[in-house]
Asker: 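Input: one structure, supplied below.
It should be emphasised that the depicted structure is a prediction, and the values quoted were computed from it without experimental measurement. No hydrogens, no waters, no symmetry mates; every other heavy atom, side chains included, goes into these values.
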Amino acid sequence: MALSCSSLCSNLSLIRLCGLRTNIITNGLYTPYMSCQSRLPLCRHYSSSGVRRGIGRYVTSRLQRVNSRYEGFLKRRFPRFFQLYHTFMEGFKLLFQDAKDVRRIKTKMVSDGLQFQDLPYREMEKLRQFRRGMIKALPLVVISIPPFANYLVFVLMYFFPRQLLIPHFWTPRQQVEFQGVYHSLRVRHHWPVLKGLEYTSLQVKDNQLQSRLKDLCAKVQSGETPQVSEILAVRSLFSGPPLGIKRMSVDQMRHVSRLLFLTPLLPGFLIGRRLNSHALELLQLDRALSRLGPHQLSDFELRQACYVRGLNSNSLCINQCREWLFQWLHMSSSLKDSEVSLLLHSIVFLSANYPNGPSRH
């Protein structure tokens with residue numbers, strides 16, 4: 001009898017401790033036949049998990065409070081350093097989120113058997129930007145590998161943010177400033193690209209096509225923006241010799257590479273392959289954007305899309321950017337994969353003088 005009472009008390013204390021309900025009740029009392037082996041793991045599970053959650057919430061709240069005080073101290077005492085610190089922290093959050101998004105997109109591509117050109121526009125653009133960002137960040141990672149080199153890296157990042165940092169770590173003001181700098185470097189190659197086309201036009205045997213190409217170059221050089229129909233009138237010259245993506249001269253390929261912010265310091269055959277790859281990628285982006293509709297883009301996305309295609313969008317109002325992008329998509333939607341060289345040269349044709357001159361198609 002004493003043994004039964006002790007077992008009953010044990011059961012009651014365990015059930016109170018764990019906060020569990022049981023439907024095994026006999027005559028208003030909990031059954032004494034529940035084994036210790038089945039009770040104790042349940043008690044440990046429910047009690048320890050609750051404690052762990054409580055500790056986790058406590059530690060998280062304490063860390064947030066300490067971090068908030070630290071940021072407040074920096075903001076009061078070292079405002080310039082706080083701005084740099086805040087930009088880096090927000091940049092790491094954005095980079096981490098982008099990495100998660102890219103992983104999700106790639107997982108979907110593998111599971112659904114999708115290719116890059118099958119993705120929606122925003123997912124294609126996310127993959128493109130993330131890949132280019134990681135390529136730019138790679139040298140900085142290599143520099144930081146030796147011991148104590150991280151201090152040198154921070155100094156370099158502070159003094160050379162445009163050259164070393166990816167856009168995730170730029171302030172909004174730096175975004176506008178650095179894009180302006182890169183666009184000015186791109187504009188330097190507009191004139192050499194046009195001169196190269198003029199020189200190449202001498203090799204065209206068809207007099208009508210030769211005249212159209214010369215008129216097109218002259219119109220851009222005189223400060224006008226040609227119509228889409230005038231650009232498409234010479235499309236046959238850009239699908240094979242002398243202006244196909246792998247048929248143009250090496251000097252012309254080097255100047256066109258600068259329009260896409262690609263290095264020209266490679267052998268000619270490698271430049272041709274890279275140009276072809278990036279041009280096809282841009283054409284696939286255009287097709288995905290046409291399916292989505294430019295009117296679906298936010299103002300930031302719209303400006304970014306125009307900038308990638310050669311326009312200094314930060315100097316224009318949003319309606320001008322939208323008008324120009326519709327014009328670009330009207331042109332690119334008419335092109336085949338074999339005519340991507342014309343797509344790259346249109347960076348000069350359509351953006352060199354915009355919004356001056358006629359821009360209606």
Side-chain angles (χ1 to χ4, degrees), residues 128 183 186-198 200-201 204 209 212-240 242-249 252-262 272 274-290 294 302 304-313 316 320-361:
R128 187 192 70 84
H183 182 72
R186 175 166 56 188
V187 166
R188 293 181 186 177
H189 297 271
H190 285 179
W191 184 265
V193 167
L194 292 173
K195 297 304 291 183
L197 289 176
E198 282 187 330
T200 305
S201 68
V204 179
L209 285 174
R212 286 175 177 173
L213 182 58
K214 285 183 177 180
D215 291 345
L216 186 61
C217 293
K219 194 168 190 175
V220 177
Q221 289 171 333
S222 66
E224 295 184 67
T225 301
Q227 297 180 7
V228 170
S229 58
E230 294 175 303
I231 297 174
L232 295 177
V234 296
R235 60 193 297 176
S236 60
L237 296 176
F238 292 84
S239 59
L243 290 169
I245 195 72
K246 295 182 179 178
R247 301 296 189 90
M248 69 180 83
S249 67
Q252 187 74 356
M253 286 194 294
R254 295 189 194 280
H255 290 301
V256 173
S257 294
R258 289 296 194 181
L259 303 178
L260 298 175
F261 307 118
L262 300 175
R274 293 192 75 196
L275 275 180
N276 187 59
S277 173
H278 282 76
L280 286 174
E281 183 181 66
L282 185 58
L283 186 61
Q284 291 162 357
L285 278 168
D286 286 346
R287 290 168 179 169
L289 182 53
S290 296
L302 184 62
Q304 187 64 25
C306 291
Y307 181 79
V308 168
R309 291 157 178 81
L311 192 68
N312 187 16
S313 53
L316 302 173
Q320 289 175 316
C321 293
R322 186 176 291 108
E323 178 188 14
W324 185 89
L325 188 58
F326 272 107
Q327 183 183 3
W328 173 278
L329 292 177
H330 176 68
M331 180 273 303
S332 66
S333 63
S334 304
L335 299 181
K336 303 174 183 177
D337 288 2
S338 59
E339 298 169 335
V340 289
S341 178
L342 180 57
L343 185 73
L344 299 184
H345 284 84
S346 294
I347 292 176
V348 178
F349 294 150
L350 290 177
S351 68
N353 301 311
Y354 189 82
N356 299 323
S359 59
R360 299 288 181 185
H361 43 272

Asker: Are any of the side-chain heavy atoms of Leu213 and Leu243 separated by less than 4.5 Å?
Answerer: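 Result yes, sub-4.5 Å side-chain heavy-atom pair found.
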
Asker: Atom CD1 in Ile245, atom CG in Asn276: separation rounded to 0.5 Å?
Answerer: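 So the gap between those two atoms works out to 5.5 Å.
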
Asker: In terms of side-chain heavy atoms, does Tyr354 have a donor or acceptor partner in Glu224 at a distance below 3.5 Å?
Answerer: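 Absent: no donor and acceptor within the cut-off.
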
Asker: Check the pair Leu194, Phe349 against side-chain contact (heavy atoms from CB on, under 4.5 Å), reporting the backbone distance first and the verdict last.
Answerer: CA-CA 9 Å; Leu194 292 173; Phe349 294 150; 4.1 Å; yes

Asker: Heavy atoms only: give me the nearest Met253-Gly272 pair and the separation to one decimal.
Answerer: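 The pair with the smallest heavy-atom distance is SD-CA, 3.7 Å.
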
Asker: What's the verdict on side-chain contact (heavy atoms from CB on, under 4.5 Å) for Leu275 and Leu260, showing C-alpha distance, side-chain angles and the deciding distance?
Answerer: CA-CA 9 Å; Leu275 275 180; Leu260 298 175; 4.1 Å; yes

Asker: Is the ring pair Tyr307/His183 parallel, tilted or perpendicular, if the boundaries are 30 and 60 degrees?
Answerer: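 The rings of Tyr307 and His183 sit tilted, inter-plane angle from 30° to 60°.
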
Asker: Are the side chains of Arg309 and Leu325 in touch, meaning some heavy atoms are under 4.5 Å apart?
Answerer: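 In short, these two side chains touch, coming nearer than 4.5 Å.
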
Asker: I'd like to know whether Arg128 forms a side-chain contact (heavy atoms from CB on, under 4.5 Å) with Val308, so could you lay out the CA-CA distance, the side-chain angles of the two residues, the decisive distance to 0.1 Å, and finally the verdict.
Answerer: CA-CA 11 Å; Arg128 187 192 70 84; Val308 168; 3.3 Å; yes

Asker: Might you point out which heavy atoms bring Thr200 and Gly196 nearest each other, and give the distance in Å?
Answerer: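 Heavy atoms of Thr200 and Gly196 come nearest at OG1-O, 2.7 Å.
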
Asker: Between the side chain of Arg235 and the main-chain N/O of Ile231, is any donor-acceptor distance below 3.5 Å?
Answerer: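 No, because the side chain of Arg235 does not come within donor-acceptor range (under 3.5 Å) of the backbone of Ile231.
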
Asker: Write down the atom of Ser341, the atom of Met248, and the distance for their closest heavy-atom approach.
Answerer: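 Taking every non-hydrogen atom into account, OG-CE, 3.2 Å.
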
Asker: Give a yes or no answer on whether the side chain of Ser351 reaches the backbone of Gly310 with a donor-acceptor pair at less than 3.5 Å.
Answerer: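 Side chain of Ser351 to backbone of Gly310: a pair is present.
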
Asker: With rounding to the nearest 0.5 angstrom, report the SG to CG distance, Cys321 to Leu316.
Answerer: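 If I round to the nearest 0.5 Å, the distance is 5.0 Å.
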
Asker: Out of curiosity, Gln327 CD to Cys306 SG, how far, rounded to the nearest 0.5 Å?
Answerer: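 Those atoms lie 10.5 Å apart.
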
Asker: Looking at Lys195 and Glu198, is there a salt bridge between them, counting it only when a charged N and a carboxylate O are closer than 4.0 Å?
Answerer: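 Salt bridge between Glu198 and Lys195, a charged N being under 4.0 Å from a carboxylate O: yes.
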
Asker: Is the shortest heavy-atom distance from the side chain of Met331 to the side chain of Leu343 under 4.5 Å?
Answerer: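 In contact.
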
Asker: Which heavy-atom pair separates Arg186 from Leu259 by the least distance, and what is that distance?
Answerer: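 The pair with the smallest heavy-atom distance is CD-O, 3.2 Å.
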
Asker: Does the distance from a Lys or Arg side-chain N to an Asp or Glu carboxylate O, for Lys219 and Glu230, drop under 4.0 Å?
Answerer: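 Between Glu230 and Lys219 there is a salt bridge, with a charged N closer than 4.0 Å to a carboxylate O.
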
Asker: Does any N or O in the side chain of Ser277 come within less than 3.5 Å of the main-chain N or O of Arg274, such that one atom is a donor and the other an acceptor?
Answerer: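 No, because the side chain of Ser277 does not come within donor-acceptor range (under 3.5 Å) of the backbone of Arg274.
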
Asker: CZ of Arg247 to OG of Ser239: how many Å apart, nearest 0.5 Å?
Answerer: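 Reported value, rounded in 0.5 Å steps: 9.5 Å.
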
Asker: Short question: side chain of Asp286, backbone of Leu329 - any donor-acceptor pair under 3.5 Å?
Answerer: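 Here the side-chain-to-backbone pair does not exist.
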
Asker: Is there a side-chain contact between Leu232 and Leu335 in this structure, where contact means two heavy atoms from C-beta onward sitting under 4.5 Å apart?
Answerer: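 SC-SC contact between Leu232 and Leu335 confirmed.
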
Asker: Donor-acceptor pair, distance only, cut-off 3.5 Å: does the side chain of Glu339 make one with the backbone of Lys336?
Answerer: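 Side chain of Glu339 to backbone of Lys336: a pair is present.
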
Asker: Contact between Trp328 and Ile347 at the side-chain level, heavy atoms closer than 4.5 Å - yes or no?
Answerer: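 Yes, side chains in contact.
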
Asker: Say you draw a straight line from OG of Ser229 to NE2 of His330; how long is it, rounded to the nearest 0.5 Å?
Answerer: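 Reported to 0.5 Å precision, the distance equals 7.5 Å.
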
Asker: Starting at CG of Leu350, measure out to NE2 of His345 and round the result to the nearest 0.5 Å.
Answerer: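 Spacing of CG (Leu350) from NE2 (His345) equals 13.0 Å.
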
